[in-house]
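Below: one structure, written as structure tokens.
Being a predicted model, the structure only gives us computed values, none of them experimental.
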Amino acid sequence: KRLLRTNSDAEFAFCTGDDKTDEDMFRALYVLPSSPSGEATKEAPLSITLANSSSGSSTSDSAPGIKLGIRPEDIFTTPVGPSSRRTLASWHVSTWQCLKG
């Protein structure tokens with residue numbers, strides 16, 4: 001989430017991992033909201049929201065949603081391991097060697 005917010009002009013994302021904690025990363029990218037025009041937007045992360053609320057700032061004034069250059073179809077989430085594993089990812093490879101090109 002933070003990488004997309006700080007690199008809002010990114011046009012491509014490839015995320016891969018081989019354990020259960022990587023599903024959090026896949027989930028964060030899977031639920032990427034898009035506007036009615038098809039443009040992806042990203043709200044401020046919770047850490048920014050909490051910091052702003054404790055300092056008395058309004059979240060909408062100090063950390064608005066931002067337009068992202070990336071589209072949901074330009075995000076590739078890929079777990080490494082058995083294909084029987086349940087995942088939110090859209091692609092799959094069985095070994096790390098499959099990622100070398």
Side-chain angles (χ1 to χ4, degrees):
K1 292 178 187 179
R2 189 169 301 149
L3 284 172
L4 284 177
R5 187 163 174 85
T6 57
N7 297 286
S8 61
D9 59 343
E11 296 178 355
F12 175 86
F14 178 76
C15 299
T16 187
D18 64 353
D19 63 33
K20 189 161 180 68
T21 60
D22 296 312
E23 288 299 316
D24 293 335
M25 174 178 57
F26 300 155
R27 184 177 295 105
L29 294 171
Y30 181 74
V31 298
L32 186 69
S34 60
S35 68
S37 66
E39 297 174 338
T41 57
K42 190 68 182 154
E43 298 302 319
L46 183 59
S47 58
I48 293 174
T49 304
L50 292 174
N52 289 343
S53 64
S54 67
S55 67
S57 299
S58 166
T59 303
S60 60
D61 294 338
S62 57
I66 58 171
K67 179 182 167 191
L68 301 175
I70 198 165
R71 300 173 303 168
E73 60 266 22
D74 297 327
I75 298 172
F76 298 88
T77 51
T78 310
V80 177
S83 61
S84 59
R85 183 176 127 195
R86 292 182 59 167
T87 182
L88 291 172
S90 48
W91 298 85
H92 175 263
V93 294
S94 56
T95 67
W96 285 107
Q97 290 78 14
C98 296
L99 297 173
K100 294 180 181 178

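Taking CG of Leu3 as the start and CE of Met25 as the end, the distance is 10.0 Å to the nearest 0.5 Å. For the atom pair Asp19 CG and Arg85 CZ, the distance stands at 7.0 Å (nearest 0.5 Å). Note that OG1 of Thr77 and CZ of Phe26 are 5.5 Å apart. Values are rounded to the nearest 0.5 Å.
Heavy-atom contacts from other residues, nucleotides or ligands closer than 6.0 Å to CH2 of Trp91 number 12 or fewer.
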Output, in order, the C-alpha distance, side-chain angles, deciding distance and verdict of side chain to side chain contact (heavy atoms under 4.5 Å, CB included) for Asp74 and Glu11. CA-CA 7 Å; Asp74 297 327; Glu11 296 178 355; 5.6 Å; no
Does Ile75 form a side chain to side chain contact (heavy atoms under 4.5 Å, CB included) with Ile70? I'd like the steps, not just the answer. CA-CA 8 Å; Ile75 298 172; Ile70 198 165; 3.5 Å; yes
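A pairwise comparison of heavy atoms in Glu23 and Arg86 identifies OE2-O, 4.2 Å as the closest pair. For Leu29 against Cys15, the heavy-atom pair with the smallest separation is CD1-SG, 3.2 Å.
Applying the salt bridge (charged side-chain N to carboxylate O under 4.0 Å, His left out) rule to Asp24 yields the partners Arg27; only residues at least two apart in sequence or on another chain are considered. For Glu73, the salt bridge (charged side-chain N to carboxylate O under 4.0 Å, His left out) criterion is met by Arg71, not counting sequence neighbours. Under the side-chain contact (heavy atoms from CB on, under 4.5 Å) criterion, Phe14 pairs with Phe12, Thr16, Phe76, Thr78, Leu99, not counting sequence neighbours.
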